[in-house]
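Data first, discussion second: the structure below is written as structure tokens.
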Amino acid sequence: MSAQTLSEKMISKNHMGINIASVTVGVGILTFPRALAKATSGFDGLISVVISGLVALLIGWLLAKLAARFPRQTFFDYTAIIASKPVAYALTLLVCLYTMLFVSFEIRAIGNIAKQYLFYSTPVEMITLSFLLIVQYAVAGSRIAMLRLNLLFLPVVLVVIFFVLVFTTQLLEIENIRPYFSSSWKSLLEGSKAVGLSYSGFEIILFYTMLMRNPEEGPKAMLLGLFIPVSLYVTIYIFVIGVFSAEVAKNLTYPTIDLAKEVEIPGGFFERVESMFFTIWIMTIFNTCVMWLDITILNLTSMFRKVKKMVWILALSPIIYFVAMLPQNLVDFFAFADAITYFGMIIVYLCPICLLLIAIMRGVKGHE
Amino acid sequence: MNKRFALPTILVIVSALLAGCWDQVQIEERGFVVGIAIDAPRTKEVEKRAAKEAPRKPKVKQRFLVTHQLVIPGGLIAGSQGGGGGQNTTNEAFLNLTSEGDSLFEVSRELATRTSRAPFYQHLKVLVISEEVARTPNGFANAMDFLLRDPDSRRSGKVFIANGLAKSIIEVKPKTEKLPSLYINSIGENIEKNARMLPEVRIGDIHEELLNPFSFVIPRVRAEKNEIKMAGSAVFSLYNQMVGFLGEEETEGLNFLTGSIDGGLLKAKVKGDLVVLNIQGTKHEIVQDLRDKQNFKFTIKIECEGILAEAYALMDFLSKEETKKLERAFAKEIERMCLDTLQKVHKEMKVDVIKLGSNIRQKEYSLWKQIQKDWESGQRLYEKSTIKVEAKVYLRNVGSINRSELEEGR
Amino acid sequence: MMRKFFAQRRKKKTSPFSQHMQQRQTPELTLSPNLADNLELFRTLLGNPHDLLIRTFLIGNTNHTCAVIALDGLADSDMLHNQVLGHIQLMISTSEKSVPPEPDEIIQLLFEEVLSVVEIKKETSLTAALDCILSGDTALFVDGSSELILIDSKGWKTRGIEEPVSEGLVRGPRDGFTESIRDNTVRIRRRVKDPNLRFESSWVGTRSKTELIIAYIDDIVDHEMLDEVRRRIATIDIDEVEESGFIEQWIEDDFLSPFPQAHNTERPDKVSASLFQGRVAILLDGTPMVLILPVTIGLLLHSPEDYYERWIVGTLTRLLRYLAAFFAVFSPSLYIALVTFHPGLIPSDLAFSIAATRDGVPFPAFIESLMMITTMELLQEAGLRLPKPIGQTVGIVGGLVIGDAAVSAGIVSPVMVIVVALTAISSFAIPSFQLAIAFRMIRFFAMFGAAIFGIYGVILSLIAIMIHLSNLTSIGYPYLAPLAPQMPRDWKDLILRAPVTFLKERPQALHPEDEIRMRTGDSK
């Protein structure tokens, strides 16, 4: 209908930034303090957070530049322009595989964490299935409405984390944070690698730039989008170390959740802040998950234009669900996560950067 | 929305509803565990019976006698006018269940065979561990593992060491509270009033201590007839094994040494008569001299401020000189107490509960890396170090009156 | 799906608005020059009703027969006496001019000189004349002419202006709309003395021929949206329209949504404020309920009083209302989730006392709340139907007696009663009744979620609601407008209500043509 176009607006720079922040803040935020504390000695880990944030920003900036060269064109389209159709088919299919695996990982994460902290006998299959249904519902609607959910949820996430941290201040012990700056560069780099995995997600700029009002603002959006997770990770890390000490943080499965569990608000209706925390991790993982599924479908429809969106959603969901059920235990699950991220590094970081180089050398640019 | 989509969705929802509600347990059907007491078994009877039932079962080193304190909510309501309180004739608000086993989880599951309400640990307030368990090697850490690992339990429960039987602690019947565990929990919060109580130690803190290469202390409780007394502390070595108790006054000294005093009192003698200081706050600083590895020098500087609470000594508290004298007397008293404590923990027990090692770690990390292994163990640098105490007291106020009686009256 | 729905509908009727209105009329009947034939035709068309007034008379001294036709009660009889019949007979008999011989000239004379009525027109179509008579006009025939004069003589008894029942305020104007559309436009005109105020009149209902007015302020409203409203109203193809609800349901974007996509109000001040914001109002004859389009979530949760009171009061009341919205939807489901799934999240003492009060309650918390909430819905519905004094009694009997009895019988726990009461009070605190109904439906959805998955289910249902709201539009405008899509400039009048001097712009969400409200710069 004609007026529907009123709402089908493009997305602004800030909105893109919030999308990037939403997709980045996912499961990683719950686990990264453990990996980081293991690699570095305590407090210094935040240097690693910043280092890897900067690396992510650099890569993100390159990706944004690439996407901005081809305004209003899908990933598949511009890959085809730069490096011929067959390459585009192959690369886009691999990207679809990557994003789809990511969806599986996220819904499995929901299942695992909910199972661990909220349920005892509810089968993990049901937990993930219900979540997947909600994700399908979100993807089935209009794309712009789905992206607007980030605008709704991310502020909630940040506000709740802020409250959790405010209530945690009473448990902060300065002895846990000290000593400062005692780690070697090597361990800091190792920590950067560990935390780097939790930054994956900003590559959505490759696919969503085509929706941006001004695609050349992509790099700026990337700056905003990564600023939020970096500052969030730094704060959370300081608090985790301050409350638990590095020794304990190393030995907690989900340190960030335990941080919320540690806090009590005396006299409230909710004695435990963790209840608020549950809301937000479901929301963040939901946002991440929805965007990954949407990108999978976006890419598939850009390749096979005849097949409808709904068909893809219904066809992919069982596969995603099946893959999500594959890891047998927590160790498998984390290994699965790492494998996806390394796979992703090649597919969505390395290859696009190569594409950018080729594009610059050949001087290919998109048409308006 | 879409018809194709709607049908499967509805089917899934309906099937979920029909089969669902897996975790639904009504609140009144939960057995809220508010307190746990862990003892070593007194007799070998149960063990023998168990061995007879399953002779080939591998033998374990240690067995626990665990007492769970469950809440009977009906008993909490005064007069129990609500319906359904019939089964509880004695109108007690709690139920203690004692079971023996070689793992805490086993005991927890065994409770299900004995009570209609499955244990639920999220409201655990108090964990009492008996001296005996704490003294066995690894016993303490083993007893804690289940409660730390179980996502169901909270890291915020308070931990105490019982002087004697742990079970008897949560069996006292206090007059002021209906639940012994909540009573113990509330006493634990009174640290501001008394300097002889150790600050509360939570299950989460224990995890930290177990992982740290330091010695630590946990408050001690003792059961008396209808009440408990919480004073003194149990000292654990860096191997997480209990090595001994500190008495009340020694605990006070320790509190001064670690700077964890928020309030309490301080008695001193001036001119042969008693004066009492109500402590309002302390400052605490450790000055370290780490040049000589074989003889580290630490000076613990304590600043304490307070107001005069009681004075039997007859003097003019408003005069500057007299106040100085008073302050000196209090400072001396603090130093004496601290030295007494040091004597015990430094010279006798040889445990670093003052956390001097942690202090080095925080300030001189590179040095700490080298000596970490030789601190409390190995070369035992801790033992070889010298510790001095310097106390200073500021008397801020003498109360509403200067003197209560005149000298001539005596 | 809605898009498809509308697209199909549009295919059927692609004609522009005005052209379309004519297409829908019944076959044309023209007037015959013979008066008796005409009168007979009217009688037969209307089935010779007893309230049809026909008065034939001779003009002056001539033997030209004239007739007036009107419907008794619809036409103002005083006016007919004084301004029509009186004038014709008096003036023609006493005027110096002689009556022209030709009937058409008589019509011309009457039209131009004699009749002292403001709204008057000539008509040749009998069908059109019939429609006008049915809406209270009077037709004047002159024998021999194939034209007639339609005199606006609408003047039936209407209800007086009363305070709106459904939307009471402590502070604010006391007048409300009535069933008469004319009175209603007056109420709006009284408030909006802007020459750019437009009333676009048309009618809907092929049989009921109900008058419908689209009101807007021409240089504020977004014309793209206005065209869409016109287009959708033009698609309305229904034979009778009793209430603006028919219009609302016909033009809404998503008929599956529980949320209202047009706001209805009987407060003229609310309508005028909305017009100034750049919205469109749809007035319908025969109902005091005026539709306001498009709807954003803010409109439903704001009350005019927020603006009338000082800003601190306004802001706090709004915060309270947003809180009420949350409670109205989620308090029963949170109760279920906490009590049956996560008692660990409740403070220990509270958990024990809830457990104590639930001791002996035979139902699980879900069934318990389902029972109580359903009872509450019943009470609410019953209270509405009954006359006012009895309604209150039902409230007392239901609320106090049943609640208390249920507790002492041990069927429900006292805490449940508190939760239900909180839910009920919260849903009454929502200014829009339609939104409150939507919340009542969603409440059950969230309760099912809670019953299956505990707090996880509650959050999933919250997310599902958010997805739906994010996809929802009203006349193409995003429902959650200043929040998503983000329009930070509008935020000062969303959850907060900034001081009046700060509200310098109209809501961006509505794309007003004229964005500035205060041109004087800093008005302080």
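- Of the two parts of C:L480, only the side chain, counted from C-beta on, holds a non-hydrogen atom closer than 4.5 Å to a non-hydrogen atom of chain A.
- Using the six-membered ring where Trp is involved, C:F330 and C:F326 have ring planes that are tilted, between 30° and 60° apart.
- C:L462 touches chain A through its side chain: at least one heavy atom from C-beta onward sits under 4.5 Å away, while N, CA, C and O do not.
- In this structure, CZ in A:R108 is found 13.5 Å from CG in A:L132, a value given to the nearest 0.5 Å.
- For C:I467, the parts lying under 4.5 angstrom from a heavy atom of chain A are both the backbone and the side chain.
- Counting non-hydrogen atoms of other residues, nucleotides and ligands closer than 6.0 Å to CZ of A:F163 gives a total of 12 or fewer.
- Between the CD atom of C:Q249 and the CD1 atom of C:I236 there is a distance of 11.0 Å, given to the nearest 0.5 Å.
- Here the straight-line distance linking atom CG of A:L211 with atom CG of A:L298 works out to 7.5 Å at 0.5 Å rounding.
- For C:S348, the side chain to side chain contact (heavy atoms under 4.5 Å, CB included) criterion is met by A:E271, B:H123, B:K125, C:F352, not counting sequence neighbours.
- When the heavy atoms of residues 282-291 of chain A are compared with those of chain C, the residues falling under 4.5 Å are A:I282, A:M283, A:F286, listed by number.
- Proximity to chain C (any heavy atom under 4.5 Å) is restricted, for A:F119, to the side chain, taken from C-beta onward.
- In this structure, CD in C:E228 is found 10.5 Å from CG in C:L293, a value given to the nearest 0.5 Å.
- Interface remark: of the candidates A:A114, A:S130, A:S12, A:S130 forms the most heavy-atom pairs closer than 4.5 Å to chain C.
- The local environment of OH in C:Y322 is crowded, with over 12 non-hydrogen atoms from other residues, nucleotides or ligands closer than 6.0 Å.
- Only the side chain of A:I110 has a heavy atom closer than 4.5 Å to any heavy atom of chain C.
- Between the A:K309 side chain and the A:D294 main chain, no donor and acceptor come within less than 3.5 Å of each other.
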